[in-house]
**Student:** 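One structure, as structure tokens, below. Some questions next.
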Amino acid sequence: MSSETRKAFPFPDFEPRWQARWETEKTYRAPNPGDPEFDASKPKFYALDMFPYPSGDGLHVGHPEGYTATDIISRARRKQGFNVLHPMGWDAFGLPAEQYAIKTGQHPRVTTERNVARFTGQLKRLGFAYDWDREVNTTDPGYFKWTQWIFLQIYNSWCHPVTGRAEPISSYTGPDPDSVRLAYVAEVPVNWCPGLGTVLANEEVIDGKSEVGGFPVERRPMKQWMLRITAFADRLADELEPLDWPAGIKARQRDWIGRSEGAEVVFQTGRADSNERTPVTVFTTRPDTLFGATYMVLAPEHPLVASITTPAQRAAVEAYQKETSSKSDLDRGVAKTKSGVDTGAIAINPVNGEAIPVWIADYVMMGYGTGAIMAVPAHDERDSEFAAQFGLAVREVVVPTATETSSGCFAGEGVAVNSSFLNGLATAEAKSKITAWLEEKGLGQKTVNYKLRDWLFARQRYWGEPFPIVWENGKHRALDETELPVLPPSLDDFKPTGTPEPPLSKATDWVRYSETATRELNTMPQWAGSCWYYLRYCDARNPQRFVSREAERYWMSGGSQRPETDATSRGGVDLYVGGTEHAVLHLLYARFWHKVLFDLGHVSTSEPFHKLVNQGLILGEDGQKMSKSRGNVVNPDSVIEEFGADSLRLFEMFMGPLEQVKPWSTKGVEGVYRFLGRVWRLVMTENQEGEWEPSSKLSATAELASKPRKVLHETIKKVTEDISSLSFNTAIAQMMVCTNELTGLEARPVTAVATLLHLLNPFAPHLTEELYERLTASWPEAAPAGQLALQPWPQWDESALIESEVEVVVQVNGKLRDRITMAADADHAAHEAAALASPKVLEHTAGQTIRKVIVIPRKLVNIVAN
RNA sequence: GCUCGGGUGGCGGAAUCGGUAGACGCGCACGUUUGAGGGGCGUGUGGUUAACUCCGUGCGGGUUCGAGUCCCGCCCCGAGCACCA
């Protein structure tokens, strides 16, 4: 094996060997409560990766970044005495598989299985300590049976208006249960994408194009399944607060929910030449500016436009409506200048009886609020711009308080003026006074509005979960639990029909459920399976329930004690690592489902993910985003081939902070590879035959001198703490320091080397197990037999960290002038005396008066002189 | 425009209850080992200077004995949102 391909250490030999051993021995199997091996005295730790969509491209180097992070902390926690749940699975339904199937004619199940096999092989080659017995696959009937079951829970529930919680539909006493279900059918304007042959959620439409494929998307009304996520809007926003999530992700979720408090105000509208009046309700967050409303604007699609428009304006109004309807939301959004048309109608301001003109304009959206606004150009920038453009009146009704400066349109808070009974009130008081006044007169009320819309839950696809729903006499009805799972029909032709009719309609036998009933033809969106997979991992093979109560309670709500996160812990997954691309969609949907399940008593926590961390994108070596077209994609397989899995793992953690965006560097991989080579040679040496044997410098009897002992214990401390704070890059740096220190010793104590291997084990599991096994073979007393992964984590000795002498910095006027050595227990006076005696200090203070001496014992002395 | 990140050597990054700026790694240079290459090992490496010095954490102020770190005002880069009334 001394060929030119010879490696610095024989990883091509030992990496597969250890991987095979872990697999056959099930080293990382996590027993559940009730299992014989389960130890209830241990605390639990649940580390979750966002499971991948098994694409045809295989793993890229971005995947192992987050996976390695969770793997390291999982391995460390296991050694620290936790029961660790660290699973992996496949989010395998979805458009790409189906698109590929349509293109190649292969059934998506076939390509999915092939892709899963490829991903699995790649993940195993990276040495992740997953409990593969808990692997889940969203396309597995044993899995989606429960996705359908959860849908039934949602379907059979409603949100009680008083408690704000999901309850069984049986507690609803009103006339029409179908009108309040959390899953309901509605005729709504949807994002129909002809290119994909399906409707899409708002979230899946980016700038008027489909997120997948970039096809144009048009609005059209269709009958669709919706989930009533808006009923949970407040809880989804409020309960973010205690979660240990990045502030940016919380902000994005809050923005997406878009809660805004204000009031609805009713204006009577009609023609100036007639007494006929129609009420129009507007929404405003600034009811205190009601006296400043100088015109009203309706969205062009507003249903009352046609009836109130005067004959003289009709042609212009209709032309404008036509123009806006042909514009995409994107065009509407980027328009540089405001546009609009006067309807000729008037609205009566309920607060002062004033008649103001009613316009239509595309800066008012039908989809938000009531689709109508009162325009206050003095205090709203959009209204101000519009008024300026069309010469509409402006009336100031709020003046800034003295400290604020007003320039042009003042949209801030201040004091009300020109507002009758509101005059002199601060904005907040004016708001509540006018709102109370409106409510008293029946002219309006306090209202909360959300940007969040109900979740469009149906897709016209083949490769997704069928709904457990049939239609009979024009009404939908849930199938019984015993009929689950509802399997998709086997179809040879799963192409979109080209019309909104889903491809499942082609399976005529399947569609016919009974003499009188037919099956729902839509399938669920890809998000469905990922809404609850973290629960299935707790009890992945349970045929009776989606997760057993015991397993759920143990893994999701704390088990016994918890690690250092106690104070803020509310239960749930202890650490969830994934990319920011799921900041709103997946994380919001999963939280919604979890809350429904919580309200119905199926799970024990109200939030699923206690701590969330986003790993940063890995860029190509050129600093650009990796992409095939740029040719800068790094393939993990070839990195493993050349440097080994441990090097890849270590490098991805050494590149920089986990959350940060950072560029790939082949030289950097070589660097950590060299480091692992040094660790290897710390233990092993090459004999004359070119074979590796334990180094003669190793010694079971040698004592560690105080300096290397200090370094070793500093390393234990830093690595332990850095793993908890996910600061893997600095942990690795410290292990490099320690390795260099131990390498420099003439006699290397086996216990010290073993300690280093323990610390490095979560990062480089193959190399460390291999070396440790060799240590065990020669020095069983110093290195007790057994896998490192299953042995306890080292403890540091505080006393080893204390030095008898310390170096103290001496500054004159804040500038570094000298360094002196002091006894560790030297007092203030001793520091001062020693510093003042320094020749360098004397030199720099010559001819000056010493004003002050600042002493930080063991650190620094600063002499102030002039 | 708004929100969230972030600006530190040639490069990735350390160090923020204010206290030695640049840990660790890459690169580079020199030395050593080797028949040579590769690899290994060792030393050095912010700028400036012969040296002493002086200057250095995006820019400008401020607080302090002392500021990468705190405060005020800007600039630049990245990500997200974007007429949400």
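Chain identifiers are assigned alphabetically (A, B, ...) following the order of the sequence lines, protein sequences preceding nucleic acid strands; residue numbering begins at 1 within each chain.
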**Student:** Of A:I249 and A:T370, whose nearest nucleotide on RNA chain B comes first from the 5' end?
**Tutor:** A:I249
**Student:** Quick one: look up who B:A67 pairs with, Watson-Crick or G-U, both distances under 3.5 Å, and put none if it's unpaired.
**Tutor:** none
**Student:** Do any of residues 286-298 of chain A sit with a heavy atom less than 4.0 Å from RNA chain B, and if so which?
**Tutor:** none
**Student:** Taking only nitrogen or oxygen atoms into account, show me every contact under 3.5 Å that the protein makes with nucleotides 38-44 of chain B, one pair per line with its distance.
**Tutor:**
| from | atom 1 | to | atom 2 | distance (Å) |
| --- | --- | --- | --- | --- |
| B:G40 | O3' | A:R681 | NH2 | 3.0 |
| B:C41 | OP1 | A:R681 | NH2 | 3.1 |

**Student:** Taking OP1 and OP2 of B:G27, is either one under 4.0 Å from a side-chain nitrogen or oxygen of A:K667?
**Tutor:** yes
**Student:** Provide, to the nearest angstrom, the distance between the CG atom belonging to A:D255 and the P atom belonging to B:C81.
**Tutor:** 10 Å
**Student:** So, does A:T580 get its side chain near the phosphate of B:A79, meaning an N or O under 4.0 Å from OP1 or OP2?
**Tutor:** no
**Student:** Please list, pair by pair, any protein nitrogen or oxygen found under 3.5 Å from a nitrogen or oxygen in nucleotides 8-13 of chain B.
**Tutor:**
| from | atom 1 | to | atom 2 | distance (Å) |
| --- | --- | --- | --- | --- |
| B:G12 | O2' | A:M655 | O | 2.7 |
| B:G13 | OP1 | A:Q660 | NE2 | 2.4 |
| B:G13 | O5' | A:Q660 | NE2 | 3.4 |

**Student:** Could you check which of B:A23, B:C83, B:G19 has an atom nearest any side-chain atom of A:A733?
**Tutor:** B:A23
**Student:** Within the structure shown, what part of the strands sits under 4.0 Å from A:K451 by heavy-atom distance: base, sugar-phosphate, or nothing?
**Tutor:** base
**Student:** Taking the side chain of A:K338 as heavy atoms from C-beta outward, which of B:A85, B:C65, B:C83 is closest to it?
**Tutor:** B:C83
**Student:** Between A:Q445 and A:T435, is there a side-chain donor-acceptor contact under 3.5 Å, judged purely by atom types and distance?
**Tutor:** no
**Student:** Measure CZ/A:F651 against C1'/B:C26 and give the value in whole Å, please.
**Tutor:** 9 Å
**Student:** Under 6.0 Å between ring centres: does that hold for A:W680 and A:F11?
**Tutor:** no
**Student:** Would you please say whether a donor-acceptor pair under 3.5 Å links the side chains of A:S260 and A:N449?
**Tutor:** no
**Student:** Whole Å only: how far is the CG atom of A:L860 from the C1' atom of B:A21?
**Tutor:** 14 Å
**Student:** Roughly how many Å is it from CD1 in A:I360 to P in B:C83, rounded to a whole number?
**Tutor:** 19 Å
**Student:** Using heavy atoms to find the nearest nucleotide of RNA chain B for A:A251 and A:Q734 separately, return the residue whose nucleotide is more 5′.
**Tutor:** A:A251
**Student:** Is the distance from OP1 or OP2 of B:C4 to the nearest side-chain N or O of A:N614 less than 4.0 Å?
**Tutor:** no
**Student:** How many whole angstroms separate atom CG of A:L836 from atom P of B:C65?
**Tutor:** 18 Å
**Student:** Evaluate A:R286 against A:E413 for salt bridge (Lys or Arg N to Asp or Glu O under 4.0 Å), listing each step before the verdict.
**Tutor:** CA-CA 10 Å; A:R286 291 296 299 271; A:E413 306 213 330; 5.5 Å; no
**Student:** Yes or no on salt bridge (Lys or Arg N to Asp or Glu O under 4.0 Å) for A:E65 and A:K662, after CA distance, side-chain angles and deciding distance?
**Tutor:** CA-CA 11 Å; A:E65 189 189 13; A:K662 45 214 176 270; 2.5 Å; yes
**Student:** Let's see if you can work this out: which of B:U3, B:A85, B:G25 has an atom nearest to the side-chain heavy atoms of A:D380?
**Tutor:** B:A85
**Student:** Between B:C65 atom C1' and A:I854 atom CD1, what is the distance in whole Å?
**Tutor:** 3 Å
**Student:** So among A:K718, A:K717, A:K710, which one has a side chain to side chain donor-acceptor pair (under 3.5 Å) with A:E714?
**Tutor:** A:K710
**Student:** For a quick check of understanding: with a heavy-atom distance under 4.0 Å over all strands, which category does A:V809 fall into, base, sugar-phosphate or nothing?
**Tutor:** base
**Student:** Both distances under 3.5 Å, Watson-Crick or G-U wobble: report the partner of B:G1, or none.
**Tutor:** B:C81
**Student:** For the side chain of A:T294 and the backbone of A:A393, is there at least one donor-acceptor N/O pair under 3.5 Å apart?
**Tutor:** yes
**Student:** Answer yes if the side chains of A:Q734 and A:T715 hold a donor-acceptor pair under 3.5 Å, and no otherwise.
**Tutor:** yes
**Student:** Should A:E741 and A:K707 be marked as a salt bridge (Lys or Arg N to Asp or Glu O under 4.0 Å) after you check the CA-CA gap, both sets of side-chain angles, and the distance that decides it?
**Tutor:** CA-CA 9 Å; A:E741 184 71 28; A:K707 163 131 189 283; 3.5 Å; yes
**Student:** How long is the line joining CG of A:D818 and P of B:G19, in whole Å?
**Tutor:** 21 Å
**Student:** Taking 4.0 Å as the cut-off, does a side-chain nitrogen or oxygen of A:K815 come that near to OP1 or OP2 on B:G56?
**Tutor:** no
**Student:** Select base, sugar-phosphate, or nothing to describe what A:G668 touches, counting heavy atoms under 4.0 Å on all strands.
**Tutor:** nothing
**Student:** Answer with base, sugar-phosphate or nothing: what part of the nucleic acid does A:E381 contact at a heavy-atom distance below 4.0 Å?
**Tutor:** nothing
**Student:** Under 4.0 Å between any heavy atoms, over every strand shown, what does A:S665 touch: base, sugar-phosphate, or nothing? Just pick one.
**Tutor:** nothing
**Student:** Indicate whether the side chain of A:Y450 and that of A:T230 have a donor and an acceptor atom separated by less than 3.5 Å.
**Tutor:** no
**Student:** Quick check, are the ring centers of A:Y673 and A:F9 under 6.0 angstrom apart?
**Tutor:** yes
**Student:** Touch check for A:R817, heavy atoms < 4.0 angstrom, all strands: base, sugar-phosphate only, or nothing?
**Tutor:** sugar-phosphate
**Student:** Mind telling me if B:G40 is syn or anti? Syn here is a glycosidic angle within 90° of 0.
**Tutor:** anti
**Student:** Mind calculating the distance between CD (A:E581) and P (B:C4) to the nearest angstrom?
**Tutor:** 22 Å
**Student:** Kindly confirm or rule out a cation-pi arrangement of A:K338 over A:F386, judged by NZ or CZ under 6.0 Å from the six-membered ring centre and within 45° of its axis?
**Tutor:** no
**Student:** Check whether any side-chain heavy atom of A:L240 lies under 4.5 Å from a side-chain heavy atom of A:W245, and answer yes or no.
**Tutor:** yes
**Student:** Testing the 3.5 Å rule here: is there a donor-acceptor pair between the side chains of A:D362 and A:T324?
**Tutor:** no
